[in-house]
Student: 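This structure is in structure tokens; I'll ask about it shortly.
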Amino acid sequence: MKKYDLVIIGGGPAGVSAGVYSARKNISTLLITKSFGGQITKKAVMIENYLGFESISGLDLIQKFENHLRKQKIDIELDEVTKLEKPGDNFLISTKNKNKFEAASVVVASGADPRPLEVPGEKEFIGRGVSYCPTCDSPFFSNKTVAVIGGGNAAFEVALSLSDIVKKVYILERSSTVLADEVNQGKVKKTGKVEIIVNAAVKQIKGDKFVESMIYEEQKVKKELAVDGIFVEIGSQPATSFLKGLVDFNERDEIVVDLETCQTKTQGLFAAGDVNIGRIKQIVTAASEGAIAALSAYQYIKSAKK
């Protein structure tokens with residue numbers, strides 16, 4: 001079993017940032033991730049708020065992140081962590097590919113998975129009209145009618161991207177107002193293809209071989225909307241199933257940390273990015289937290305070796 005000073009779990013902005021910073025501190029580091037990118041790879045529009053790039057696609061940005069990381073002195077395993085435990089002073093990490101590693105410290109940057117609607121028909125039509133990845137699936141809906149569920153920036157960005165290829169886009173938001181930035185709202189309005197429905201709670205997804213319609217409730221009245229596809233953009237849920245017992249969670253299953261250091265309740269265990277309780281979920285804040293977590297882990301390792 002190979003031992004490291006630090007193991008980083010996750011290959012999104014937080015994990016990559018932690019990897020770069022830990023490598024520069026010259027501590028032995030392993031980064032484990034299923035793939036690079038995290039939420040960035042699902043961005044349907046150009047990223048225009050990351051410093052240094054006036055406009056860049058999510059795929060291009062994460063490729064630059066990965067290239068930067070691979071120039072550092074760091075080991076990388078394309079694998080998935082299934083179990084993390086701390087039987088003594090060090091951590092033991094088990095993976096899906098039956099690998100095991102030991103580490104003095106761990107940074108969890110495993111990100112978050114799309115939050116499902118949890119309505120009848122959703123699971124049955126995944127890959128047959130229901131999608132959580134607009135970047136992957138939008139080309140299949142050329143000149144069709146689709147719905148985007150959610151009223152935040154992610155939902156509006158998806159609707160904006162889809163408007164270039166589909167015939168019609170409906171945005172359904174369950175509350176009385178949308179939360180998307182004014183800029184995104186203005187861009188969506190200019191397309192002339194997007195209709196926004198508020199106070200709309202999705203109740204059921206219907207179809208035969210593929211999605212054909214959805215039932216939603218508006219002001220306590222059930223209505224049916226004919227659509228060919230449904231893109232779910234109602235937020236995400238932290239990927240933390242391997243952490244039970246080592247950390248505390250809030251009501252949204254986010255890891256409770258000291259935001260100044262990203263330290264969890266377990267000494268030597270840190271959490272950065274979308275997986276923790278930080279209120280702002282942005283690429284730049286995830287990268288920042290990755291750096292904080294790595295530097296905090298370095299201080300922990302340094303003090304433990306004295």
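In what follows, residues are counted from 1 in the order of the sequence shown. Only a predicted model underlies this, so the values are computations on that prediction, with no experimental measurement involved.
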Student: Judged by modelled atom types alone, do N67 and Q63 share a side-chain donor-acceptor pair under 3.5 Å?
Tutor: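 Yes - a donor-acceptor pair under 3.5 Å links their side chains.
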Student: Using distance alone, with no hydrogens and no angle criterion, decide if E102 and N90 have a side-chain donor and acceptor under 3.5 Å apart.
Tutor: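 A pair is found: one side chain offers a donor N or O, the other an acceptor, under 3.5 Å apart.
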Student: State, with a plain yes or no, whether a side-chain heavy atom of V148 is found less than 4.5 Å away from one of Y170.
Tutor: no
Student: According to a 4.5 Å side-chain heavy-atom criterion applied to Ile, Leu, Val, Met, Phe, Trp and Tyr, with indirect links allowed, do V284 and L61 form part of one hydrophobic cluster?
Tutor: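 Yes: a chain of side-chain contacts under 4.5 Å links V284 to L61.
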Student: For D113 and A239, work out which heavy atoms get closest and say how close.
Tutor: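 For D113 versus A239, the nearest heavy atoms are OD2-CB, 3.8 Å.
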Student: Give a yes or no on whether I197 and I205 share a hydrophobic cluster (residues Ile, Leu, Val, Met, Phe, Trp, Tyr; joining criterion: side-chain heavy atoms under 4.5 Å apart).
Tutor: yes
Student: For a quick test of your reading: what N or O donor-acceptor pairs under 3.5 Å do the side chains of residues 116-126 make, sequence neighbours left out?
Tutor:
unit_1: E122; atom_1: OE1; unit_2: L117; atom_2: N; d: 3.1
unit_1: E122; atom_1: OE1; unit_2: E118; atom_2: N; d: 2.5
unit_1: E122; atom_1: OE2; unit_2: L117; atom_2: N; d: 2.8
unit_1: E122; atom_1: OE2; unit_2: Y132; atom_2: OH; d: 2.6
unit_1: E124; atom_1: OE1; unit_2: G121; atom_2: N; d: 3.3

Student: Does any donor atom in the side chain of T29 or S22 lie under 3.5 Å from an acceptor atom in the other side chain?
Tutor: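 The criterion, which ignores hydrogens and geometry beyond distance, is satisfied for S22 and T29.
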Student: Walk me through whether D75 and K2 qualify under side chain to side chain contact (heavy atoms under 4.5 Å, CB included).
Tutor: CA-CA 11 Å; D75 290 346; K2 193 166 183 179; 3.3 Å; yes
Student: Starting from V221, walk the hydrophobic network (Ile, Leu, Val, Met, Phe, Trp, Tyr; side-chain heavy atoms closer than 4.5 Å) and list everyone else you reach, by chain and number.
Tutor: none
Student: State, yes or no, whether a side-chain contact exists between V146 and K168 at a heavy-atom distance under 4.5 Å.
Tutor: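 No, every pair of side-chain atoms sits at 4.5 Å or beyond.
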Student: Please check if any side-chain donor atom of S176 sits under 3.5 Å from a side-chain acceptor atom of N199, or the reverse.
Tutor: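 Judged by distance alone, the side chains do not pair up.
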Student: Under 6.0 Å from the CZ atom of R115, do we count more than 12 heavy atoms belonging to anything else shown?
Tutor: yes
Student: Starting from the C-alpha separation in whole Å, work towards a yes-or-no answer on side chain to side chain contact (heavy atoms under 4.5 Å, CB included) for F231 and V130.
Tutor: CA-CA 6 Å; F231 291 84; V130 172; over 6 Å; no
Student: Looking at K265, I'd like to know if its NZ atom is crowded, meaning that more than 12 non-hydrogen atoms belonging to other residues, nucleotides or ligands lie closer than 6.0 Å.
Tutor: yes
Student: Is it the case that more than 12 heavy atoms not belonging to R24 sit under 6.0 Å from its CZ atom?
Tutor: no
Student: What's the spacing between D228 CG and F210 CZ if we round to 0.5 Å?
Tutor: 11.0 Å
Student: Do I283 and F65 make a side-chain contact, defined as non-hydrogen atoms from C-beta onward lying under 4.5 Å apart?
Tutor: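 Yes, their side chains come closer than 4.5 Å.
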Student: Are any non-hydrogen side-chain atoms of E224 and I215 less than 4.5 angstrom apart?
Tutor: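 In contact.
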Student: Indicate if I196 and V202 have the same hydrophobic cluster label, given that clusters are the connected sets of ILVMFWY residues with side-chain heavy-atom separations under 4.5 angstrom.
Tutor: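 Result: no, two separate clusters.
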Student: Suppose clustering is done on Ile, Leu, Val, Met, Phe, Trp and Tyr with side-chain heavy atoms closer than 4.5 Å. Which residues sit in the same group as L179?
Tutor: none
Student: I want to check something: taking the side chain as every heavy atom from C-beta on, are E66 and V16 in contact at a cut-off of under 4.5 Å?
Tutor: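 No, side chains not in contact.
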Student: So how far is it from Q263 CD to N276 CG, rounded to the nearest 0.5 Å?
Tutor: 12.5 Å
Student: Tell me whether L69 is reachable from L6 by hopping between hydrophobic residues (I, L, V, M, F, W, Y) whose side-chain heavy atoms are closer than 4.5 Å.
Tutor: yes
Student: Residues in salt bridge (Lys or Arg N to Asp or Glu O under 4.0 Å) with K167, at least two apart?
Tutor: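 Counting only residues at least two positions away or on another chain, K167 forms no salt bridge (Lys or Arg N to Asp or Glu O under 4.0 Å).
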Student: Distance only, no hydrogens: is a donor on one side chain within 3.5 Å (strictly under) of an acceptor on the other, for K206 and S213?
Tutor: no
Student: According to salt bridge (Lys or Arg N to Asp or Glu O under 4.0 Å), who are the partners of K34, at least two apart in sequence or on a separate chain?
Tutor: none
Student: Please determine which of V20, V107, I74 meets the side chain to side chain contact (heavy atoms under 4.5 Å, CB included) test together with L31.
Tutor: I74
Student: Measuring only between side-chain heavy atoms, which start at C-beta, is Y298 closer than 4.5 Å to Y21?
Tutor: no
Student: Any salt bridge between D274 and K281, counting N to O under 4.0 Å?
Tutor: no
Student: Please find the pair of heavy atoms, one from G37 and one from P13, that lie closest to each other, and give the distance.
Tutor: O-CD, 4.1 Å
Student: List the atom of A154, the atom of E233, and the distance in Å for their closest heavy-atom pair.
Tutor: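 It is CB-OE1, 3.6 Å.
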Student: With a 4.5 Å cut-off on side-chain heavy atoms, are K64 and I56 touching?
Tutor: yes
Student: Below 4.0 angstrom, N of the basic side chain to O of the carboxylate: do K25 and D5 qualify?
Tutor: no
Student: Looking only at non-hydrogen atoms, find the nearest pair between S296 and F270 and report the distance.
Tutor: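 Heavy atoms only, the tightest pair is CB-CE2, 3.5 Å.
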Student: Could you measure the distance from the CG atom of L92 to the NZ atom of K100? Nearest 0.5 Å is fine.
Tutor: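 That separation rounds to 7.5 Å.
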Student: Against I171, only a single residue in I149, V158, V194 fulfils side chain to side chain contact (heavy atoms under 4.5 Å, CB included); can you say which?
Tutor: V194
Student: Using side-chain heavy atoms (C-beta onward) and a distance below 4.5 Å, is V188 in contact with S163?
Tutor: no
Student: Going by an N to O cut-off under 4.0 Å, is there a salt bridge joining K222 and E217?
Tutor: no
Student: Kindly indicate, with the supporting measurements, whether the criterion side chain to side chain contact (heavy atoms under 4.5 Å, CB included) is fulfilled by I165 and N143.
Tutor: CA-CA 6 Å; I165 59 173; N143 205 35; over 6 Å; no
Student: Looking only at heavy atoms, which two atoms of A180 and N184 are closest? And how far apart?
Tutor: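 Taking A180 first and N184 second, the nearest heavy atoms are CB-CB, 4.5 Å.
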Student: Who clusters with V106? Use side-chain heavy atoms, under 4.5 angstrom, across I, L, V, M, F, W and Y, and order the result by chain and number.
Tutor: Y4, V7, I9, L30, I32, V81, L84, F91, I93, F101, V108, F242, L243, L246, V247, F249, I255, V256, V257, L259, L269, V275, I277
Student: Testing E157, E182, E48 one by one against K187 for a salt bridge (charged side-chain N to carboxylate O under 4.0 Å, His left out), which residue passes?
Tutor: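 Of the listed options, the one satisfying the test is E48.
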Student: I need the minimum non-hydrogen distance between Q267 and Y300, along with the two atoms involved.
Tutor: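 Looks like O-OH, 3.8 Å.
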Student: First locate atom OG1 of T145, then atom CD of E195, and finally report the distance between them rounded to the nearest 0.5 Å.
Tutor: 11.0 Å
Student: Could you go through R70 and I76, starting from their C-alpha distance and side-chain angles, then the distance that decides it, and tell me whether this counts as side chain to side chain contact (heavy atoms under 4.5 Å, CB included)?
Tutor: CA-CA 8 Å; R70 289 187 180 277; I76 297 171; 3.8 Å; yes
Student: Starting at CD1 of I8, measure out to OG of S110 and round the result to the nearest 0.5 Å.
Tutor: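 With rounding to 0.5 Å, CD1 (I8) is 12.5 Å from OG (S110).
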Student: Same cluster or not: are L172 and I230 linked, directly or through other Ile, Leu, Val, Met, Phe, Trp or Tyr residues, by side-chain heavy atoms under 4.5 angstrom apart?
Tutor: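 Per the 4.5 Å side-chain linkage, L172 and I230 are co-clustered.
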Student: Would you say S17's side chain and A287's backbone share a donor-acceptor pair under 3.5 angstrom?
Tutor: yes
Student: Mark yes when over 12 heavy atoms from residues, nucleotides or ligands other than K302 sit less than 6.0 Å from its NZ; otherwise mark no.
Tutor: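 Counting neighbours around NZ of K302, 12 or fewer heavy atoms of other residues, nucleotides or ligands fall under 6.0 Å, so no.
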Student: Starting at CD1 of I40, measure out to CD1 of I47 and round the result to the nearest 0.5 Å.
Tutor: 5.5 Å
